[in-house]
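First up is the structure itself, then whatever we jot down about it.
In what follows, chains carry the letters A, B, and so on, assigned in the order in which the sequence lines appear, proteins first and then strands, with residues in each chain numbered from 1.
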Number of protein chains: 2
Amino acid sequence: MKYIEKLRNSGLRPTKQRLQICEVLFNTERTFHFTINELEQKIKDKIDNKISLATIYNTVHAFEKKGYLKQIPVNSNQTYFDTNITDHHHFYNLKDGKLIDLENSDVGPINIKRKIDGKKIKSIEVLVKLED
Amino acid sequence: MKYIEKLRNSGLRPTKQRLQICEVLFNTERTFHFTINELEQKIKDKIDNKISLATIYNTVHAFEKKGYLKQIPVNSNQTYFDTNITDHHHFYNLKDGKLIDLENSDVGPINIKRKIDGKKIKSIEVLVKLED
DNA sequence: TGACTAGTTTATAATGGTTCTAAATAGCTG
DNA sequence: CAGCTATTTAGAACCATTATAAACTAGTCA
Ligand SMILES: [Mn+2]
Ligand SMILES: [Mn+2]
Ligand SMILES: [Zn+2]
Ligand SMILES: [Zn+2]
């Protein structure tokens, strides 16, 4: 399978559960945004056996640490993740809590003029809140 | 007192608790960022009587709704608020979870080229994550 | 192939920030 | 002051997330 090597190279054992979660997350036409609850539902829909919620959390965190997923900063009681790990930004629809990708080309280049010494910039993320 | 009228004009009764919270939040040299826990501590330090945690939550939400406070989108288990309600951006120090203001002049002007129809932009917020 | 080991999964409990509840209190108006 | 409504409060409830610890499994090597 295509994900076995990817996992092994990351130092993660290619377990049945992780491979199935890879299918749901990465074997898709498009990238997408999700909360753990939404992912849990998607997994239930696409897979016959059960994967425990703890494993879903564990796996998402493992993948995030390896850089296969990103967390998106929004104000919500749930954590949002993104399978699109390129540098990009987001519209956040306050009405329904859905995110929409904003490519870098949709936002001008962002040049942070101020420096904090001893610190490096890890990421620059723009969140554009939308209302009706 | 200076906050009585502000509260009345907002349709909020100027209760003892709200006035005291106003003192802590707004009677300061500089604006600041806080979580509810940090605010609770600040209130304990500056005020003799007790204000219940429920009232702190109620008041912060009431003030946010009136536009006297802003919520800042970050990935944290706690909600961050800001007494600086001008349009501005943030550095987020991943090491200690502290926020630093980035003025609009520290970030170039941001021009969102894409439109979502039926939707208006409510805010544009840039979060710059810092690591060592 | 059969141990051995470390990594992983799992059900379930615990945690902790936030919200809810409903009774007591306090501000406002007449 | 009386009456009305908003507000405060202690404590319970909620719920996303994390911790626990026992069962299981992938990888290794004899
Ligand atoms: Mn979630
Ligand atoms: Mn908080
Ligand atoms: Zn995205
Ligand atoms: Zn700020």
Side-chain angles (χ1 to χ4, degrees), chain A residues 1 3-25 33-44 47-66 68-69 71-81 97, chain B residues 1 3-25 33-44 47-66 68-69 71-81 97:
Chain A
M1 316 291 193
Y3 299 113
I4 291 183
E5 207 170 349
K6 174 175 178 172
L7 290 173
R8 276 222 191 81
N9 292 341
S10 312
L12 298 172
R13 289 190 181 168
T15 63
K16 177 181 165 196
Q17 292 87 345
R18 282 179 179 158
L19 290 168
Q20 291 179 322
I21 294 174
C22 277
E23 291 292 331
V24 174
L25 289 176
H33 307 110
F34 64 92
T35 63
I36 295 289
N37 275 340
E38 290 166 349
L39 178 58
E40 190 185 16
Q41 197 49 59
K42 218 169 242 197
I43 289 169
K44 274 186 191 139
I47 281 173
D48 287 328
N49 52 300
K50 189 197 173 187
I51 298 180
S52 78
L53 184 56
T55 295
I56 297 175
Y57 273 100
N58 289 342
T59 302
V60 165
H61 288 145
F63 288 2
E64 190 203 357
K65 187 170 291 179
K66 295 300 177 184
Y68 303 143
L69 291 173
Q71 236 182 290
I72 302 169
V74 285
N75 291 127
S76 167
N77 58 325
Q78 288 168 262
T79 305
Y80 281 74
F81 294 91
Chain B
M1 315 289 195
Y3 299 113
I4 291 182
E5 207 171 349
K6 176 176 176 171
L7 290 173
R8 277 222 191 82
N9 292 340
S10 313
L12 298 171
R13 287 188 182 171
T15 63
K16 178 180 164 196
Q17 291 88 344
R18 283 179 179 157
L19 290 169
Q20 290 179 323
I21 293 174
C22 277
E23 291 291 330
V24 173
L25 289 176
H33 306 111
F34 64 92
T35 63
I36 295 289
N37 275 341
E38 289 165 350
L39 179 58
E40 190 185 16
Q41 197 50 58
K42 220 168 242 199
I43 288 169
K44 274 185 191 137
I47 281 174
D48 287 327
N49 53 301
K50 189 197 172 188
I51 297 181
S52 78
L53 184 56
T55 295
I56 296 174
Y57 272 99
N58 290 342
T59 302
V60 165
H61 288 146
F63 287 3
E64 190 203 358
K65 186 168 293 181
K66 295 299 177 183
Y68 303 144
L69 291 173
Q71 234 183 293
I72 302 168
V74 285
N75 292 127
S76 167
N77 58 326
Q78 288 167 262
T79 305
Y80 282 74
F81 294 91

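Among the heavy atoms of the strands lying under 4.0 Å from B:Thr55 is at least one base atom, whether or not backbone atoms are also near. Within 4.0 Å (heavy atoms only), B:Lys50 reaches sugar-phosphate atoms of the nucleic acid but no base atom.
OP1 and OP2 of C:dA26 both lie 4.0 Å or more from every side-chain N or O belonging to B:Gln17. Taking side-chain N and O atoms only, A:Arg8 has no distance below 4.0 Å to OP1 or OP2 of D:dA26. Applying the 4.0 Å criterion to OP1 and OP2 of D:dA16, one finds that A:Thr79 has every side-chain N and O outside that range.
Distance, B:Asn77 CG to D:dA16 P: 15 Å, rounded to whole Å. The nearest whole Å value for the distance from the CG atom in A:Leu53 to the P atom in D:dA19 is 14 Å. Rounded to an integer number of Å, the gap from B:Tyr57 OH to C:dT21 P is 17 Å. Atom-to-atom, CD1 of A:Ile36 to P of D:dT18 comes out at 9 Å; the value is rounded to the nearest Å. The distance from atom CD of A:Glu38 to atom P of D:dC15 is 17 Å, rounded to the nearest whole Å. In this structure, B:Ile56 places its CD1 atom 15 Å from C1' of C:dT19, rounding to the nearest Å. For the pair A:Gln20 CD and C:dT8 C1', the interatomic distance rounds to 14 Å; values are reported in whole Å. Atom NZ of B:Lys65 and atom C1' of D:dT7 are 15 Å apart (whole Å).
The residue among B:Arg13 and B:Asn49 whose nearest nucleotide of DNA chain D lies closer to the 5′ end is B:Arg13. Residue-to-nucleotide proximity on DNA chain D shows that, of B:Gly11 and A:Lys16, the 5′-proximal contact is made by B:Gly11. Between B:His61 and B:Pro14, the residue anchored nearer the 5' end of DNA chain C, judged by the nucleotide with its closest heavy atom, is B:His61.
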A:Glu38 vs A:Gln41, side chain to side chain contact (heavy atoms under 4.5 Å, CB included): CA-CA, chis, key distance, verdict: CA-CA 5 Å; A:Glu38 290 166 349; A:Gln41 197 49 59; 5.6 Å; no

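Closest contact between the side chain of A:Gln78 and the listed nucleotides D:dT9, D:dA16, D:dG27 involves D:dA16. For B:Ala54, whose side chain is taken as the heavy atoms from C-beta onward, the closest listed nucleotide among D:dG11, D:dA16, C:dA11 is D:dG11. Of the candidate nucleotides D:dT7, D:dT9, C:dT9, D:dT7 has the atom lying nearest to any side-chain atom of B:Arg18. Nearest nucleotide to the A:Thr15 side chain, out of C:dT9, D:dT17, D:dT9: C:dT9. Of all nucleotides listed (C:dA11, C:dT8, D:dT8), D:dT8 comes nearest to the side chain of B:Asn58.
Note: A:Phe34 and A:Phe81 have parallel aromatic rings, judged against thresholds of 30 and 60 degrees for the angle between ring planes.
Scanning both residues, A:Ile51 and A:Gln17, for their nearest heavy atoms gives CD1-O, 3.9 Å. The two residues B:Val74 and A:Pro73 come nearest to each other via the heavy atoms CA-CB, 4.0 Å. In terms of heavy-atom proximity, B:Glu23 sits nearest to B:Tyr3 at OE2-CE1, 3.5 Å.
Going from atom OG1 of B:Thr59 over to atom CG of B:Leu19 covers 10.0 Å, rounded to the nearest 0.5 Å.
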